[in-house]
Student: 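The following block contains the structure, expressed as structure tokens.
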Amino acid sequence: MDKHRCLLDSEGTGIEDGRAHGRAPSNKRRLLIAGLVAAVTGIALWGLHMCGSDVGAAWLSPANRADTTDALSKSDKVQVELFVMSQCPDAVKVEGVFGNVVREVYSIMDVQLNFIGRPNPNATYGVDCKHGDSECRGNIDELCALAHGGGDLPAFWRFLSCLNARFRDIGRDPDLSLKCASSAGLDTSAFFNCATTLEGRQLLKQSAENAQFAAVNTSATVFIDGQSRCVEDAGWRDCPGGHAATDFIRDICAAYKGPRPRPSICAEFPSL
């Protein structure tokens, strides 16, 4: 097994190392834009959720089922960044772990996907992806699903889990992402429009620039509140707080300082 199967070499990136400067300003702009999108689409998505079937309702933990709206400001939530590649098995592994994290504490966290690649204006999608153009296509699909999910992380994770169940087809099967968006309860029209227009390519370019600014080139890398927390690279490493779902849940509970009571699972960590 290639130990560095999801490592993008740093040669020729042309992007300044941003570690000494904190979080990228572009991340904050994306969070603001996402908040505006959620405000505009939230009512419609909530109506769809309430009037439609109970698809995915059992996926939520009892402590979170009452909190299906994105009532918290993005700035109040704990920021989790996943630096990934859509066709990377290490990313699939980390996203599987975070499916359990999201289920329990989605109401106090926000997720940003930073896809590792090299911006290239001459590339098909504006970025060179390690596993080729099909991976870039899959990256765009995931970014568009997140951007047009109305802040509904459980719905996005249903979409992501659906894709990852056939991860070797990500970006290769043109019907897979649309089927997953529909089954997850996402706005398929908004998703498709994003994924097939300049918007999706712009999201991918910004995402790759975010990863380069943070000087991250290994998928999958986890940041919590702007700090590197863990790396999965054909095996876990650099995870001082552990790498189980409960370890990430504990850290997110500890980092949350917002006004809303923390999810009940946080009480399982009495030292917080």
Side-chain angles (χ1 to χ4, degrees), residues 1-10 13 17-19 23-24 27 59 61 77-106 108-117 129-131 135 138-139 142-143 146 153-154 156-168 170 207-208 210-256 263 265-266 268-269 271-272:
M1 182 180 295
D2 179 4
K3 182 175 181 178
H4 301 296
R5 55 189 170 179
C6 299
L7 171 69
L8 187 75
D9 68 79
S10 59
T13 59
D17 184 341
R19 286 175 293 183
R23 296 177 61 84
N27 292 357
W59 192 88
S61 70
K77 294 186 177 182
V78 178
Q79 301 300 312
V80 175
E81 294 174 82
L82 302 182
F83 296 82
V84 290
M85 303 173 182
S86 61
Q87 291 182 9
C88 173
D90 297 316
V92 171
K93 181 176 179 178
V94 168
E95 289 159 357
V97 171
F98 268 87
N100 297 320
V101 176
V102 168
R103 181 183 297 118
E104 299 294 345
V105 293
Y106 76 87
I108 61 169
M109 65 180 284
D110 185 47
V111 170
Q112 178 170 303
L113 296 179
N114 295 322
F115 284 102
I116 298 168
C129 297
K130 181 175 179 66
H131 302 101
E135 180 170 72
N139 295 350
E142 293 181 15
L143 287 166
L146 185 60
L153 278 182
F156 171 72
W157 237 266
R158 290 194 296 272
F159 167 84
L160 192 58
S161 298
C162 175
L163 281 188
N164 286 345
R166 292 176 51 192
F167 101 96
R168 295 189 184 281
I170 292 175
S207 176
N210 289 344
Q212 288 190 323
F213 190 93
V216 175
N217 60 5
T218 300
S219 171
T221 299
V222 178
F223 275 31
I224 295 180
D225 269 356
Q227 302 297 317
S228 181
R229 172 61 179 77
C230 198
V231 178
E232 162 59 34
D233 181 20
W236 296 99
R237 61 177 173 84
D238 301 328
C239 306
H243 53 76
T246 52
D247 298 321
F248 294 120
I249 290 170
R250 178 198 64 227
D251 289 356
I252 291 169
C253 287
Y256 178 62
I265 195 170
C266 295
E268 296 181 13
F269 308 100
S271 61
L272 299 182

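Please read all numbers here as calculations on a predicted model, not as lab measurements.
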Student: Does W157 reach the main-chain N or O of E95 with its side chain, forming a donor-acceptor pair under 3.5 Å?
Tutor: yes
Student: Is any side-chain heavy atom of L143 less than 4.5 Å from a side-chain heavy atom of S207?
Tutor: yes
Student: Say you draw a straight line from CD1 of I265 to CZ of R250; how long is it, rounded to the nearest 0.5 Å?
Tutor: 12.0 Å
Student: Closest approach of I108 and C253, non-hydrogen atoms and distance?
Tutor: CD1-CA, 4.3 Å
Student: To the nearest 0.5 Å, what is the distance between CD (E142) and CD1 (I170)?
Tutor: 5.5 Å
Student: Indicate whether the side chain of Q112 and that of N114 have a donor and an acceptor atom separated by less than 3.5 Å.
Tutor: yes
Student: Report the distance from atom CG of L160 to atom CG of L113, rounding to the nearest 0.5 Å.
Tutor: 7.0 Å
Student: Are M109 and V101 side-chain neighbours, meaning at least one heavy-atom pair lies under 4.5 Å?
Tutor: yes
Student: Closer than 4.0 angstrom, basic N to acidic O: yes or no for D90 and K93?
Tutor: no
Student: Given side chains that start at C-beta, do those of F115 and V84 come closer than 4.5 Å, heavy atoms only?
Tutor: yes
Student: Could you tell me if the side chain of I249 sits less than 4.5 Å from the side chain of I252, heavy atoms only?
Tutor: no
Student: I need the F98 CZ to S161 OG distance, nearest 0.5 Å.
Tutor: 13.5 Å
Student: Hey, does V222 have a side-chain heavy atom less than 4.5 Å from the side chain of V231?
Tutor: no
Student: Any side-chain heavy atom of C239 within less than 4.5 Å of one from R229?
Tutor: yes
Student: Go through the side-chain N and O atoms of D233 and T218 and say whether any donor and acceptor fall under 3.5 Å apart.
Tutor: no
Student: Below 4.5 Å, heavy atoms only, C-beta onward: do V216 and I116 meet side chain to side chain?
Tutor: yes
Student: Look at the rings of W236 and H243 and say which category their plane angle falls in: under 30° parallel, 30 to 60° tilted, over 60° perpendicular.
Tutor: parallel
Student: Find the distance between CD (E81) and OG (S228) and round it off to the nearest 0.5 Å.
Tutor: 10.5 Å
Student: State, with a plain yes or no, whether a side-chain heavy atom of Q79 is found less than 4.5 Å away from one of D225.
Tutor: yes
Student: Kindly compute the distance separating CD (E104) from CZ (F248), expressed to the nearest 0.5 Å.
Tutor: 15.0 Å
Student: Treating S219 as the side-chain partner and C6 as the backbone partner, does any N or O pair qualify as donor plus acceptor under 3.5 Å?
Tutor: no
